[in-house]
Protein chains: 2
Amino acid sequence: MDQPPLGRRAQQRQQRLAQILAAAEQVFATAGFEGASMAAIAAAAGLPKANLHYYFGTKEALYAALLEELLRLWLSATDAIRPDSAPDAALESYIRAKMEWSRSRPHASKLFANEVLRGAPLLSAHLAGGLRAQVEEKSAVLRGWIAEGRMAPVEPRHLFFAIWAMTQTYADFETQIRLVLDVPALGEREFEDGVATVLRLVLGGLALRA
Amino acid sequence: MDQPPLGRRAQQRQQRLAQILAAAEQVFATAGFEGASMAAIAAAAGLPKANLHYYFGTKEALYAALLEELLRLWLSATDAIRPDSAPDAALESYIRAKMEWSRSRPHASKLFANEVLRGAPLLSAHLAGGLRAQVEEKSAVLRGWIAEGRMAPVEPRHLFFAIWAMTQTYADFETQIRLVLDVPALGEREFEDGVATVLRLVLGGLALRA
DNA sequence: GTCTATAAAGGGATAGAC
DNA sequence: GTCTATCCCTTTATAGAC
């Protein structure tokens, strides 16, 4: 993606941008768009407030830049679901990828959840465009497997909704899960139990395992 | 709950309170705590702003009153899960109740989601208290069924997380589901497909149906 | 009890020195 | 490019007339 001959100035610029984006992701994720203040983001980034405006112009532009990056992540996880794949391996791979995303990028997941809760004012076009197209494409693959008797009949789009919900809940509802389980933070143990549960429901529910 | 001899004044007071709470639930649900303004809530309730302060004092008190009511709903849905129940009927009843709640009270679900995303500052005590206790109690019932061989082995608490996620997503992520399905609003058809999908995954995954 | 007017605080954004 | 000081608007909350 990056052209190699990047001057020292451009490098520093990239670093500043990344520094601001990381701080913004964290603050927006837990406070939401309205709840996050530019002052709080600046403090998290260790920079004066005016610096953020120099790099991104407005609060909304900074927020939009984060969503932009987020969408690439969202749309890149379904690669394993292809007509020539084995249904059980494909779905297991997809579920593990989604769960790993919740573990490693919880702020991104929460940011996305906040935006959708608000009615997705900055994301509607992408949801109705790229995401819908991808869901349709992958649903066709699943319908093919069902027609061949390789998988129990299910409405594929609702299966995706269920998988998204079960995996993302470990990021978005982390607070609730942590308090119910009475652990200080979600760790390996909790994510392993989560993966095992989701795999049992999906693979078992679709007659893909004993 | 209400004492019968309620004077006309008290009746009007109750009506005003309900009117404000309904408007506040809707505004807080989509805008979040910070994003919602007392002016917007007042407009939705058809009252001047000062009226809200007269009845509830502060914005946070109004918000807290909504969460209070919400918790009663959350904690009342697991009644069907009892040691002497049939596992499949109990879980089906629970799933249908949770899904019906997403259909009939989407604003309440979104309000809850917003609060948990924020780290549940006003809800931590209840999540670690009443909710945890209830989950432990019902998990013990499920472990009993598993020990008797009436249900496939699963970590009961994570099963609850999965059921909560799959059912609440039809309220919280309604915008995304609507756009992916390309429908103007979620209707009977969509909720029936959702219930069917969740039942297949849970009952099938736990070896409670063919 | 109800409403208008306003006080007090905090927010995004920018001007202008360096 | 970077930072301080500040403008201007919105927001919560209340005072005080009715």
Side-chain angles (χ1 to χ4, degrees), chain A residues 6-68 111 114-115 118-119 121-122, chain B residues 6-67 111 114-115 117-119 121-122:
Chain A
L6 220 54
R8 222 169 269 164
R9 306 297 286 246
Q11 272 188 11
Q12 258 199 2
R13 179 182 171 80
Q14 289 301 319
Q15 192 189 337
R16 283 268 188 267
L17 287 173
Q19 183 181 3
I20 294 170
L21 285 169
E25 180 176 290
Q26 184 182 359
V27 175
F28 278 128
T30 52
F33 177 75
E34 304 278 356
S37 72
M38 293 297 270
I41 296 171
L47 292 172
K49 204 172 51 161
N51 225 323
L52 274 58
H53 285 284
Y54 173 74
Y55 279 106
F56 288 94
T58 68
K59 180 182 176 182
E60 187 170 330
L62 172 55
Y63 183 73
L66 284 171
L67 288 179
E68 198 78 23
L111 185 68
N114 261 309
E115 176 64 9
R118 295 174 56 75
L122 297 182
Chain B
L6 221 53
R8 220 170 270 164
R9 306 297 285 247
Q11 272 188 8
Q12 258 201 0
R13 179 183 171 80
Q14 290 300 320
Q15 192 190 338
R16 282 270 188 266
L17 288 172
Q19 183 180 5
I20 294 170
L21 285 169
E25 182 177 289
Q26 185 183 359
V27 175
F28 277 129
T30 51
F33 177 74
E34 304 277 356
S37 74
M38 294 296 269
I41 297 171
L47 292 171
K49 208 171 48 164
N51 227 322
L52 274 57
H53 285 286
Y54 172 75
Y55 280 106
F56 287 94
T58 68
K59 178 182 175 180
E60 186 170 332
L62 172 55
Y63 183 73
L66 282 171
L67 288 179
L111 185 68
N114 261 310
E115 176 65 9
L117 269 174
R118 294 174 56 77
L122 297 182

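Letters A, B, ... are given to chains in the order of the sequence lines, protein chains preceding strands, and every chain is numbered from 1. For clarity, every value in this text was computed on a predicted model and none was experimentally measured.
- Not one N or O on the side chain of E25(A) forms a donor-acceptor pair closer than 3.5 Å with the backbone of L66(A).
- Using cut-offs of 30° and 60° for the angle between ring planes, the F28(A) and F33(A) rings count as parallel.
- L47(B) has its side chain out of reach of I41(B): every pair of non-hydrogen atoms, C-beta onward, lies at least 4.5 Å apart.
- Near-neighbour residues of DNA chain C inside residues 49-65 of chain A, defined by a heavy atom below 4.0 Å, number-ordered: K49(A), A50(A), H53(A), T58(A), K59(A).
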> Between N114(B) and N114(A), does a side chain to side chain contact (heavy atoms under 4.5 Å, CB included) hold up when you go through it step by step?
Replying inline: CA-CA 7 Å; N114(B) 261 310; N114(A) 261 309; 3.8 Å; yes

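- Within the 3.5 Å criterion, the main-chain N or O of A45(B) finds a donor-acceptor partner in the side chain of Q19(B).
- Heavy-atom neighbours of E60(B) CD from other residues, nucleotides or ligands within 6.0 Å: at or below the threshold of 12.
- The heavy-atom pair separating P121(A) from R118(A) by the smallest distance is CD-O, 3.8 Å.
- Heavy atoms only, all atoms of each residue included: A31(A) and A36(A) are closest at CB-N, 3.6 Å.
- Near-neighbour residues of DNA chain D inside residues 22-48 of chain A, defined by a heavy atom below 4.0 Å, number-ordered: P48(A).
- What you find for L52(B) and M38(B) is that their closest heavy atoms are CD2-O, 3.7 Å.
- Read 5' to 3', the first and last nucleotides of DNA chain D with an atom closer than 4.0 Å to a heavy atom of chain B are dT12(D) to dT14(D).
- Atom CD in Q11(A) sits 8.0 Å away from atom CZ in R8(A) (nearest 0.5 Å).
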